[in-house]
Amino acid sequence: QVQLVESGGGQVQPGLSLRLSCAASAFTADHVFIGWFRQAPGQEREGVACIIQNDGNSYYLDSIKDRFTISRDNTKSTVYLQMNMLKPEDTAVYYCAAGLSFISDYVCSRPSLAEYWGKGTLVTVSS
C-alpha cells in the first residue's frame, strides 16, 4: 500500500511559481508511475505530469510541459512538481497519484487506473 501526502499548494499571482511536494511511503515496485493530476472547477481530472519509477522518464500534459517540471528525490521518497509561469487556468486541486497501469496518452494513466491518491492540494492562480 502506497501512502501519498501532498503539500505546497496555495494562492499565487499569474506568472509566478509554486512547488508541490508529494511524500510517498516508499519508492518500491508496487507502483510503476508516480505523478500529478489536477481537477479544475467544473472539469474532469486530468494527468499533469508523471515520472516512471524504474527509469526516471517523465511525461507531461502538452499545455504545461514548457512550464512545469516533475522531479524526484529517491532518498526522501518524494516527488515534486515545479510550476513556473503559472496561469489562471492552472487553478485546480492538484493530486499526487501512483499506480501500475502507465498509459502515456493520458499522462501517466487514466485517473480510474491510478490505485493510490493523496488528498489533494489547492492551487489558486489569481491577481
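R45 forms no cation-pi arrangement with F37, by the criterion of a distance under 6.0 Å to the ring centre and an angle within 45° of the ring axis.
Classified by interplanar angle (parallel below 30°, tilted 30° to 60°, perpendicular above 60°), the ring pair Y95/W117 is perpendicular.
No side-chain donor-acceptor contact under 3.5 Å links T91 to the backbone of T124. Panel note: side chain R72, backbone Q53; a donor-acceptor pair is recorded below 3.5 Å.
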Checklist line | salt bridge (charged side-chain N to carboxylate O under 4.0 Å, His left out) evaluation trace for D62 with K65 | finding: CA-CA 5 Å; D62 284 346; K65 64 183 179 182; 3.6 Å; yes
Notebook entry, point to check: Between V123 and M83, is a side chain to side chain contact (heavy atoms under 4.5 Å, CB included) present by the stated rule, with each step listed?
Noted result: CA-CA 10 Å; V123 173; M83 304 185 293; 3.8 Å; yes
Check: What's the verdict on side chain to side chain contact (heavy atoms under 4.5 Å, CB included) for L113 and I103, showing C-alpha distance, side-chain angles and the deciding distance?
Finding: CA-CA 9 Å; L113 296 178; I103 306 174; 3.7 Å; yes
Notebook entry, point to check: What's the verdict on side chain to side chain contact (heavy atoms under 4.5 Å, CB included) for T69 and L81, showing C-alpha distance, side-chain angles and the deciding distance?
Noted result: CA-CA 6 Å; T69 302; L81 185 67; over 6 Å; no
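The distance from atom CG of L20 to atom OG1 of T121, rounded to the nearest 0.5 Å, is 6.0 Å. Distance OG1/T78 to CG/L4: 10.5 Å, rounded to 0.5 Å. Separating the OG atom in S25 from the OH atom in Y116 is a distance of 8.5 Å, to the nearest 0.5 Å. From I64, atom CD1 reaches atom NZ of K87 across 10.5 Å, with rounding to the nearest 0.5 Å. Summarising the geometry, atom OG belonging to S7 is positioned 13.5 Å from atom NZ belonging to K119; distances are rounded to the nearest 0.5 Å. Remark: Y59 OH to F102 CZ distance equals 4.0 Å, nearest 0.5 Å.
Taking every heavy atom of both residues into account, R67 and L86 meet most closely at NH1-CA, 3.9 Å. Closest heavy-atom contact between V2 and H31: CG2-ND1, 3.6 Å. Between S58 and I70, the shortest heavy-atom distance links the atoms CB-CG2, 3.6 Å. Residue W36 comes nearest to V79 through the heavy atom pair CZ2-O, 3.9 Å, listed as atom of the first residue, atom of the second, then distance. Minimum interatomic distance between G47 and L61 (heavy atoms only, all atoms of both residues): O-CB, 3.6 Å. Summarising the geometry of F33 relative to S101, their closest heavy-atom pair is CE2-O, 3.6 Å, with the distance given to 0.1 Å.
The 12-atom threshold is exceeded at CD of E115, counting heavy atoms of other residues, nucleotides or ligands nearer than 6.0 Å. Atom OH of Y106 is surrounded by 12 or fewer heavy atoms from other residues, nucleotides or ligands within 6.0 Å.
V93 is not connected to Y80 by any chain of hydrophobic side-chain contacts under 4.5 Å among Ile, Leu, Val, Met, Phe, Trp and Tyr, and they are in different clusters.
Between the side chains of S126 and Q11, at least one donor N or O sits under 3.5 Å from an acceptor N or O. A donor atom on one side chain and an acceptor atom on the other are found under 3.5 Å apart for Y94 and R38. Side-chain contact check for N84 and S17: at least one donor-acceptor pair (N or O, by modelled atom type) lies under 3.5 Å.
When side chains are defined from C-beta on, Y60 does not count as touching D66, because their heavy atoms never get closer than 4.5 Å.
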